[in-house]
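So that the names make sense, note that chain A is the first sequence line, chain B the second, and so on, each numbered from 1.
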Amino acid sequence: MAIGKFGARDAGPVSRRTLLRAGAGLAGGALLPSGLILPALAEDQPALGTWPDGSSGSSVFVGISVPRTGTYAAAGEDLIKGYELAIEHLNAGSEIMTKISPNIKKGVLGKEVKYGIADSEAKPNTAVQNLTKFISDNKAIMVTGSVSSAEAVADNKTADREKVIYLVGISGSNDTTGKDCVRYSFRECFYGQTAAKAIMPVLIKNLGKNKKVAYLTPDYTYGHTVQKSMEEFGNEGGWTKATDQVSPLGTTDFSSYLLNVANSGADVVVNINFGRDAVLSIKQAKQFGILDKMTLVVPYNTPFLAKEVGADTMQGVFAATDYWWTLEDTNPIAKMFNDAFRAKYQYSPEWSANLAYAQIAMWADALERAKSFYPPDVIKAYEAGAKVQSTVGEVFFRGADHQLVRPVVIERGKKPADMKTPEDFYDIVEVVPGEGLMQSPTEFGCKLGSYT
Amino acid sequence: MLSLPNFAAQAFNGLVLGALLALIASGLTIIYGTLGVLNLAHGAMFMVGGYAGVVAYQYTGSYLVAVAAGSLFVMALGLLMERVVIRHFYDRPPEDQILVTFGLGIVYVELVRLTFGSLSQSMPPPSWAAGITSLGFMIYPTYRLAVVGIVAVALLALYLVLYRSRLGMIVRAGIEDAVMVDSLGIDVYRVFMIVFGIGAMAAGFAGIVNVPIAPITPDVGESILVETFVVVVIGGVGSFPGAVLGGLIAGEILSLTSMVDPAYSQVMLFLVMTFVLVVRPRGLLGEQGRA
Amino acid sequence: MIEARRGIRGLAFEGWTALALVVAPFVLPKIGFVPDTMNRVLVFGLFGVGFDLLFGFAGLLSFGQSAFFGTGGFVAAYLLTRMGLTSVMLGLAVGVVAAAVAGLLVGMIALRRTGIYFAMITVAIAEVFFFMENSPLSDYTGGENGLPGVPGPTFNFGFASVHVTGGWSMYVFLAVCYFVGLALARRIVASPVGRIFVAIRDNPLRAAAVGHDVHAYKLLAFVIAAAYAGFAGGLLGVLQGYMPPEAFTFDTSGQLIMQTVIGGLGTLIGPLVGAAVWLYLRDFLQGSLGMGASWKLALGVVFVLLVFFLRRGIVGGLSDLIALARSSARAPGKAAPGGGDDAPVFAAAPQNSNPAPPPARDPGEPEIAGPILQVRDLSKTYGGLAANSEINFSLERGELRGVIGPNGAGKSTFFKMLTCEINPSSGSIHFEGRDITNLGVTEVCQLGLSKSYQVNQLFTRLTPRENITIAALAERRGKFRLDLLRNPADIPGLSQQVHSTLALVSLTERADVPVSGLAYGEKRRLEIGLALATSPSLLLLDEPLAGMSPRERVETVKLLKSISKGRTTVIIDHDMDALFEMSERVTVLQLGKILVEGTPDEIKANAAVREAYLGGVLE
């Protein structure tokens with residue numbers, strides 16, 4: 001009885017569609033190119049998600065949900081720095097923004113970008129709660145942020161349900177743009193499979209064939225998939241598995257695993273742990289003398305890893321990453337970004353900050369190309385796959401799974417003596433081009449949903 | 001992975017792991033045994049000890065100063081916490097004590113996060129314990145070997161305080177019969193405060209000694225706390241020898257299980273605890289009295 | 001504490017709650033609540049209803065409720081997403097059952113210990129659940145990614161079918177679920193089982209001694225709380241279309257506890273209020289105040305202050321305030337019993353001016369000839385020390401026996417063995433011809449043997465009427481019964497028994513004053529009343545006159561005489577005049593052995609007894 005009464009008040013997508021604006025036409029509305037910026041015409045579609053409410057004023061709202069407490073807080077805070085700098089640049093229409101997205105003036109489509117930040121505690125549950133709050137309360141036209149794939153997947157589903165665009169933060173799982181992909185979400189960073197495929201040939205080239213590998217694998221789906229990928233791509237160089245040490249998330253003492261590694265007779269240690277687990281396992285591997293005998297490989301680098309474990313430990317370590325600041329030597333956009341970042345925060349950006357910055361810039365670019373805030377228009381602008389010049393070179397979003405096709409940076413830890421500045425931790429060994437690296441969009445079962 | 005050298009190595013490593021757990025657990029257990037308070041902020045105090053020590057290290061560069069600073073700071077924090085908060089909870093239900101220490105634990109963690117941020121902090125081992133030592137059947141980080149000695153000394157000191165001093169007599173009498181101690185005209189509150197301080201110091205000491213092994217972040221206390229619970233339950237709540245024995249058993253379980261299936265080493269710990277509870281509910285060395 | 005009063009105003013609380021749930025969507029959004037937040041408040045409120053039954057009523061603080069929250073949630077989500085189950089309600093129901101079964105298994109282990117031990121064990125077991133979800137079972141649970149795609153329920157009303165998605169339709173669905181859960185919990189609280197939960201929290205030892213199977217009731221509370229947790233977990237998945245793995249983490253349990261304490265323990269709606277405050281402050285501190293990462297610190301401080309100063313949480317504090325306002329509005333001098341809404345649920349007293357003691361129970365079978373109690377060669381040693389040695393003792397049916405002896409003669413040890421509080425080292429005890437030597441105190445009480453304690457063992461947070469009711473319930477219902485939804489007033493003869501017991505121990509006038517407000521003599525009489533209310537056929541009274549004024553003694557002796565009519569009674573006391581006046585026979589213990597036994601006159605004349613007491617006391 002009560003349900004029937006309240007059913008009419010339902011604010012879900014079904015009833016939103018019935019809230020037609022006066023004069024709006026239904027049929028074909030969604031297909032009209034909304035080429036004109038005149039608001040009256042842009043509203044020729046039924047309301048969808050936070051559209052048009054979220055973009056009817058002089059400013060638009062963006063919701064950022066990242067961990068600020070808990071184990072992943074450090075990466076979360078770095079993401080925030082990237083977001084804040086990007087939004088500041090966007091509203092100022094700064095030069096670097098126009099390099100990435102030539103059409104940008106000030107703000108997006110002439111509207112100032114405002115934002116809110118909420119602590120996700122790296123918990124999917126809290127992340128969903130934050131997003132929902134941003135969407136229903138602040139009428140956010142875009143939400144973003146995550147430091148784990150669990151968060152990203154949960155955010156994906158929420159954004160898709162609410163019909164609001166979501167930009168993935170850090171998420172290394174194949175599934176985020178694979179079987180858990182959605183129409184409303186876009187990912188900038190690469191993922192486990194790509195990392196393995198990018199770094200393995202470089203390793204074989206540098207370390208030789210027929211090596212024995214010990215794996216340190218965190219005990220969750222992501223860890224196991226990356227481990228499998230590494231093993232698979234290693235086979236091509238005759239690399240074999242000596243041992244796979246699986247540790248629970250949040251392990252603080254790796255000694256028993258490391259002893260097993262030390263006794264395994266391996267030549268190479270592949271450490272798939274992320275975040276604090278990576279820091280601890282590497283530091284302790286150093287204490288056990290393992291790094292003196294075996295080469296350490298980190299297929300998916302953690303922000304601030306070198307800073308936390310120290311250059312002495314990181315020397316000779318191979319890692320795959322999204323971004324390292326010395327890309328500025330060859331890429332002028334990276335140089336501009338680094339300079340602006342250093343000016344504001346007094347250190348060189350990690351890949352998390354770069355990711356956040358790039359996501360915002362490319363989102364603004366998609367908006368400018370769509371010339372509309374109507375979500376399906378924006379998504380189609382993304383899906384058009386326009387080439388964008390970013391801090392890591394030329395990149396584009398794939399229409400079929402919303403994954404950014406982007407290069408993977410393979411870096412190697414420098415000897416402390418060779419470091420030119422205290423932050424000069426890595427040599428860039430190779431920048432592996434993204435095309436040909438990433439699996440085909442169908443490989444992990446991506447089925448994007450509907451636009452409306 | 002099952003080979004004799006590896007078994008020997010893991011068994012030895014279990015001892016090292018267990019030593020630290022034993023120290024932390026004995027702090028928790030003497031506080032509970034004497035005051036009847038389960039301090040859920042104990043993990044947070046472990047963490048605070050680490051941070052206080054690291055700060056001292058950054059100013060002085062001395063390991064010994066860092067260890068002293070970490071221990072003393074947490075002891076002071078313990079004394080203050082007992083005087084300002086815990087004292088008002090002795091006549092309240094035990095659940096209230098659990099709740100208030102749980103809340104204080106969160107406050108400590110977030111205060112540290114606010115002050116130092118979320119990036120991990122670390123400190124190198126002292127120069128006399130740097131590097132690696134070969135034990136014949138294995139090579140092992142020298143500092144970890146040193147930690148066994150350091151913890152053994154700390155446990156011995158605790159033992160002397162608990163079993164060979166006047167304070168210790170009062171404390172142990174208190175564990176057996178709080179009413180009796182009360183009637184002897186001893187200032188029980190002062191004893192309680194000191195015991196709380198000593199128990200906290202054990203956690204703080206372990207916290208800073210552990211930093212060269214594992215850099216600290218504000219959250220480290222939570223997992224340590226849960227492991228400490230397991231140790232205390234296995235050994236017997238309120239029993240100092242029980243905490244030491246429980247710690248060593250836990251260390252061995254964690255280490256030896258990793259040879260068979262590393263993913264199960266944590267869970268094995270909980271299963272053993274459950275088994276102990278079924279077979280001997282009061283814990284291996286627990287007294288019948290307190291529960 | 002909530003006391004559901006049946007009758008005209010009996011459902012007022014439910015009415016107000018329903019009204020609040022209906023009004024909330026129109027009011028709360030004005031202060032910044034969004035539907036999603038309100039929905040989460042309802043889920044955590046429901047989770048908390050079960051937890052409050054467990055902690056607030058039965059007094060069991062579990063830090064492992066996340067295990068059941070996650071179990072219910074993942075079982076439901078798995079059925080709905082991977083198994084193709086279409087009925088959401090069925091999925092939720094299976095989740096509840098799974099959580100309850102998990103609760104039963106975990107409870108059987110964790111409840112081996114109490115208090116702090118129990119809390120620690122629950123933490124550890126919950127960790128195992130989290131590990132299982134995350135690792136060995138990740139093929140079923142999605143591991144760290146959880147299970148996305150949990151559908152919302154669809155209801156077919158014949159004329160229209162409503163599919164619940166997000167927003168307000170979800171609110172209505174959850175509000176109905178919450179309301180049903182709350183109403184059910186209120187019935188449980190008001191039922192005999194609920195009363196016994198409270199008694200166990202207050203004094204588990206006495207609850208067992210009056211004949212309740214404390215362990216079984218604790219397990220029941222644990223299973224009920226697990227079922228509620230499982231239901232809430234299932235709803236969480238339905239609410240957000242996604243079942244998150246962190247449902248299993250320690251944080252979830254911690255948040256539940258904090259919310260329940262902030263809202264108010266033992267109020268049932270406290271957790272809902274606590275969740276609302278928690279989630280609102282969380283958004284408010286981060287959003288409006290822009291506190292960033294320090295929001296958690298602020299909430300932690302708020303929590304500590306609440307535990308420190310506002311012991312009964314927000315709801316408890318408010319109801320205390322209302323009670324205060326009401327009682328000061330009333331005519332001074334007439335004490336408000338329990339205050340305001342806290343009027344007792346217990347059987348309203350029928351007027352009966354001629355109290356008779358509750359009859360000794362009928363053994364049910366043809367009376368066994370011979371003594372009602374037969375003790376042979378009973379010994380108890382502690383270490384090497386003999387507290388009792390080789391006691392032979394027998395009681396005739398209907399006898400009133402006095403037991404005396406100097407301090408340290410082993411009288412209390414002897415009594416404790418008779419009531420099976422401690423097991424003898426050797427020897428045997430037969431009661432009504434049955435060997436009870438190694439039974440527990442609860443079983444023995446159920447057989448009709450009960451004791452009043454030397455040191456008061458009352459349910460101190462309850463009133464005398466409630467105290468007596470707890471004891472009488474054990475006799476009426478047996479040691480365990482699952483009458484979760486029964487109104488105690490419907491139990492035949494219960495109110496009569498409570499009333500007459502109260503009248504007998506002269507506490508009718510004071511029946512609704514909290515025990516803490518009673519005078520010492522009144523507490524002593526209540527202590528006797530507790531033993532008496534179980535209608536024992538053999539009543540043991542351990543120093544019933546201790547600490548009484550001469551006038552109180554006279555009255556109590558009169559009382560003891562009247563209750564000993566028609567039942568067998570044994571009294572230990574130091575007041576020999578009183579004992580000699582009442583008893584037919586007297587047994588003298590010395591140094592753990594029986595010194596002599598005989599009529600009062602024989603005892604008075606016995607030289608050995610005079611010697612034992614150094615001639616001082618017997619004049």
Side-chain angles (χ1 to χ4, degrees), chain A residues 1-15 67-70 73 76-77 80 116-119 121-133 135-138 148-154 156-158 161-162 173 175-176 180 218-224 246 248-249, chain C residues 18 21-22 25 29 32-37 39-40 130-131 134-135 138-139 142-146 148-149 152 155 157 159-160 162-173 175-176 236 239-247 249 251-252 279 282-283 286-287 290 292-297:
Chain A
M1 182 188 79
I3 299 222
K5 191 176 123 208
F6 272 86
R9 291 176 42 82
D10 191 318
V14 180
S15 60
R68 309 189 77 173
T69 56
E77 292 293 343
I80 290 176
I117 304 170
D119 181 6
E121 306 167 65
K123 295 186 210 163
N125 201 19
T126 317
V128 169
Q129 190 179 333
N130 290 340
L131 259 50
T132 321
K133 160 104 181 152
I135 290 165
S136 55
D137 215 22
N138 304 99
S148 71
S149 291
E151 256 186 276
V153 168
N156 263 3
K157 303 289 172 185
T158 308
R161 195 172 72 179
E162 300 290 336
S173 165
D175 295 337
T176 311
D180 293 320
D219 190 12
Y220 57 113
T221 318
Y222 163 78
H224 294 296
V246 179
L249 216 51
Chain C
L21 289 172
V22 170
F33 273 94
V34 296
D36 180 68
T37 306
N39 292 342
R40 282 167 200 281
F130 180 46
F131 172 80
N134 201 51
S135 187
S138 62
D139 286 347
E144 82 277 15
N145 289 336
F155 293 95
F157 295 101
F159 56 93
V162 178
H163 180 62
V164 178
T165 53
W168 292 118
S169 64
M170 185 60 78
Y171 176 83
V172 174
F173 170 64
V176 170
L236 178 73
L239 156 67
Q240 55 192 13
Y242 170 73
M243 191 61 215
E246 84 263 19
T249 56
D251 254 28
T252 302
L279 292 178
R282 188 185 170 282
D283 285 346
Q286 285 191 72
S294 52
W295 69 271
K296 213 172 193 176
L297 175 62

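The candidate from A118(A), G116(A), S149(A) with the greatest count of non-hydrogen atom pairs under 4.5 Å with chain C is A118(A). Ranked by heavy-atom pairs shorter than 4.5 Å toward chain C, the options A150(A), P67(A), A122(A) are led by A150(A). The choice from E121(A), E151(A), K157(A) that makes the most heavy-atom pairs within less than 4.5 Å of chain C is E121(A). Heavy-atom pairs under 4.5 Å with chain C were tallied for N130(A), V246(A), I117(A); the largest tally goes to N130(A). Note on A175(C), P148(C), G143(C): by heavy-atom pairs under 4.5 Å with chain A, the leading option is P148(C).
At a 4.5 Å heavy-atom cutoff, N138(A) makes no contact with chain C through either its backbone or its side chain. Heavy-atom distances place the side chain of L236(C), and not its backbone, under 4.5 Å from chain A. With a 4.5 Å cut-off on non-hydrogen atoms, T126(A) touches chain C through its backbone and its side chain both. With a 4.5 Å cut-off on non-hydrogen atoms, P245(C) touches chain A through its side chain but not through its backbone. Neither the backbone nor the side chain of F33(C) comes within contact range of chain A; no heavy atom of the residue lies under 4.5 Å from a heavy atom of that chain. Contact of E144(C) with chain A is made through backbone and side chain together, with heavy-atom distances under 4.5 Å.
One finds the CH2 atom of W295(C) at 5.5 Å from the OG1 atom of T69(A) (value rounded to the nearest 0.5 Å). The distance from atom CG of L239(C) to atom OG1 of T132(A), rounded to the nearest 0.5 Å, is 8.0 Å. To the nearest 0.5 Å, atom CG of residue L249(A) and atom OG1 of residue T249(C) are 11.5 Å apart.
Judged as a side-chain contact (heavy atoms from CB on, under 4.5 Å), and not counting sequence neighbours, the contacts of A247(C) are F69(C), M243(C).
Side-chain polar atoms of D36(C) and Q129(A) form no donor-acceptor pair below 3.5 angstrom.
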With side-chain contact (heavy atoms from CB on, under 4.5 Å) as the criterion, how do F131(C) and D219(A) come out once you've worked through the C-alpha distance, each side chain's angles and the decisive distance to 0.1 Å? CA-CA 9 Å; F131(C) 172 80; D219(A) 190 12; 3.9 Å; yes
Between R40(C) and V128(A), is a side-chain contact (heavy atoms from CB on, under 4.5 Å) present by the stated rule, with each step listed? CA-CA 11 Å; R40(C) 282 167 200 281; V128(A) 169; 3.4 Å; yes
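Put simply, the side chain of S138(C) does not reach to within 4.5 Å of the side chain of Y220(A), judged on heavy atoms. When side chains are defined from C-beta on, P124(A) counts as touching E246(C), because their heavy atoms get closer than 4.5 Å.
Between D137(A) and G32(C) the shortest heavy-atom distance is OD2-O, 4.1 Å. What you find for T221(A) and G142(C) is that their closest heavy atoms are OG1-O, 4.0 Å.
Panel note: side chain R282(C), backbone D119(A); a donor-acceptor pair is recorded below 3.5 Å.
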